[in-house]
Number of protein chains: 2
Amino acid sequence: MPKVETFNREFVIQEAVKTFHSKGYNLTSMQDLVDATGLNRSSIYNSFGSKLDLYIECLHKYQKDTKEDIEEIMVKSYSSISTIQRIFCLNMADVLSQNNNDNGCFFNQCTTEMANHEDRIKFFLIENQVSMVQLFEDIVEQGQKNESINKNKNASEYAIYLVTALQGLRISGVLMNDNKQLKSIVETILSVLE
Amino acid sequence: MPKVETFNREFVIQEAVKTFHSKGYNLTSMQDLVDATGLNRSSIYNSFGSKLDLYIECLHKYQKDTKEDIEEIMVKSYSSISTIQRIFCLNMADVLSQNNNDNGCFFNQCTTEMANHEDRIKFFLIENQVSMVQLFEDIVEQGQKNESINKNKNASEYAIYLVTALQGLRISGVLMNDNKQLKSIVETILSVLE
DNA sequence: GTACATTTGAAACGATCATTTCAATTAAAA
DNA sequence: TTTTAATTGAAATGATCGTTTCAAATGTAC
């Protein structure tokens with residue numbers, strides 16, 4: 001009986017991610033979201049709840065995309081160390097392609113802007129961080145079995161180190177938009193594992 | 001002849017830094033600054049210009065404090081590697097002491113929130129980043145002369161790596177508020193230099 | 001004590017914020 | 001075609017935003 005939702009939900013979220021990522025949560029107005037998505041104000045509230053609800057849905061979308069990118073790399077890579085290398089290179093390329101147009105990793109931005117003001121978001125970010133560490137731990141563990149990664153430190157220690165370094169890279173990249181420098185940083189980060 | 005400024009400018013800036021650092025620029029209202037500093041709204045505009053002007057003054061204050069902390073460490077340290085170690089430990093302690101109360105490094109927050117929306121701020125942040133890299137480069141260079149730091153990579157490469165890692169540590173620390181984990185990260189970061 | 005330049009307090013500015021309201025429109029089901 | 005329930009558009013809500021205004025209060029120099 002009812003009229004059905006006409007817009008493409010995926011597209012709307014995608015556009016919302018772009019907007020939030022480029023302006024941050026607090027600087028993004030509902031009007032910005034209306035303009036970016038093409039939806040009417042009331043449609044956004046009808047379909048997504050509130051600005052914060054939509055933002056959190058964007059975080060999940062960004063997380064899903066990130067994980068898919070990593071899984072694709074894992075499938076294509078022939079060794080653990082090259083998986084890690086490619087993950088870092090992907091992030092490097094990501095930072096560089098943003099050509100001064102955006103503010104590093106969406107999660108880093110979210111962490112500094114929201115983590116200590118919204119419990120729902122802090123919870124999400126911690127869970128995301130833990131799962132990223134777990135993901136790296138699995139890769140490193142396998143690499144240590146293959147002897148492609150040294151055993152100076154255990155997989156768990158290397159994992160939290162790598163996640164931290166990756167976050168640093170994505171912050172640094174905002175101010176240091178230079179291919180050669182970022183490449184050098186990645187090399188140095190990964191040299192610990194050799 | 002004139003009535004003279006009665007408030008303590010240092011104190012006011014200090015309180016403004018706390019406020020901006022804890023809420024970010026966009027979430028901090030002029031009323032928040034009035035409450036935090038005890039100044040009247042008009043006094044703030046009279047003495048500091050605008051909200052943005054005050055924010056930039058806060059960035060300079062934070063930069064000055066950070067540099068003073070590092071200089072104190074440099075004077076007290078007996079070797080380059082221990083200088084670097086202490087800088088990282090200071091930042092670790094800083095993150096931990098903030099007990100879920102604040103959002104990592106003020107500069108990281110500023111980078112993700114403001115770098116691509118305010119040219120004056122982007123300029124400041126890049127200059128700050130360059131000077132931090134230079135500072136680390138000098139320390140590493142000296143360490144390499146003393147043979148307390150290896151020469152696998154040159155001082156400049158280690159410097160940008162260390163600055164990046166430090167930024168990562170201060171982001172990670174917001175979500176990973178655990179002494180043992182942070183200590184392990186710092187150890188791994190510094191192990192490259194051995 | 002008077003004159004003067006500045007700070008101060010309170011109110012007001014117009015703009016914009018996130019959200020709500022509600023009548024008109026729409027399209028599927030009867 | 002009529003019924004029906006959701007979507008849509010536009011206007012309005014009350015709150016808050018950064019900033020300005022201006023008269024009163026203040027403290028220094030004469």
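Order of the sequence lines fixes the chain letters, A, B, ..., with proteins taken first and strands second; residue numbering starts at 1 for each chain.
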**Q** Rounded to the Å, how far apart are B:Asp35 CG and D:dG18 P?
**A**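 My rounded result for the distance is 12 Å.
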
**Q** Which pairs pass salt bridge (Lys or Arg N to Asp or Glu O under 4.0 Å) with one or both residues in residues 123-149 of chain B, sequence neighbours excluded?
**A**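 For residues 123-149 of chain B, and leaving out neighbouring residues, there are no salt bridge (Lys or Arg N to Asp or Glu O under 4.0 Å) pairs at all.
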
**Q** Keeping to residues at least two apart or across chains, list the salt bridge (Lys or Arg N to Asp or Glu O under 4.0 Å) pairs with something in residues 74-87 of chain B.
**A** B:Glu72-B:Lys76

**Q** Can you list, pair by pair, the side-chain donor-acceptor contacts under 3.5 Å of residues 178-193 of chain A, counting residues two or more places apart and other chains?
**A**
residue  : atom : partner  : partner atom : Å
A:Asp178 : OD2  : A:Gln181 : N            : 3.1
A:Thr188 : OG1  : A:Ser184 : O            : 2.9
A:Ser191 : OG   : A:Thr188 : O            : 2.7

**Q** More than 12 heavy atoms of other residues, nucleotides or ligands under 6.0 Å from CD of A:Glu10: yes or no?
**A** no

**Q** Rounding to a whole Å, what distance do you find between B:Phe7:CZ and D:dG27:C1'?
**A** 16 Å

**Q** Using the salt bridge (charged side-chain N to carboxylate O under 4.0 Å, His left out) criterion, which residues pair with A:Arg120? Sequence neighbours excluded.
**A**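 Salt bridge (charged side-chain N to carboxylate O under 4.0 Å, His left out) list for A:Arg120, sorted by chain: A:Asp53.
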
**Q** Just how far, in rounded Å, is P of D:dT8 from CG of A:Leu39?
**A** 6 Å

**Q** Applying ring-ring contact (aromatic ring centres under 6.0 Å, His included), can you list everything that pairs with B:Phe48, at least two apart in sequence or on another chain?
**A** none

**Q** Using atom CD of B:Glu118 as one end and atom P of D:dG18 as the other, report the distance to the nearest whole Å.
**A**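 Going from B:Glu118 (CD) to D:dG18 (P), I get 14 Å.
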
**Q** Classify every nucleotide of nucleotides 10-21 of chain C by which part a protein heavy atom approaches to under 4.0 Å, writing B for the base, S for the sugar-phosphate alone and - for neither, in 5'-to-3' order.
**A** B------SSBBB

**Q** Could you state the CG-C1' distance from B:Asn46 to D:dG18, rounded to the nearest angstrom?
**A**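 After rounding, the reported distance stands at 15 Å.
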
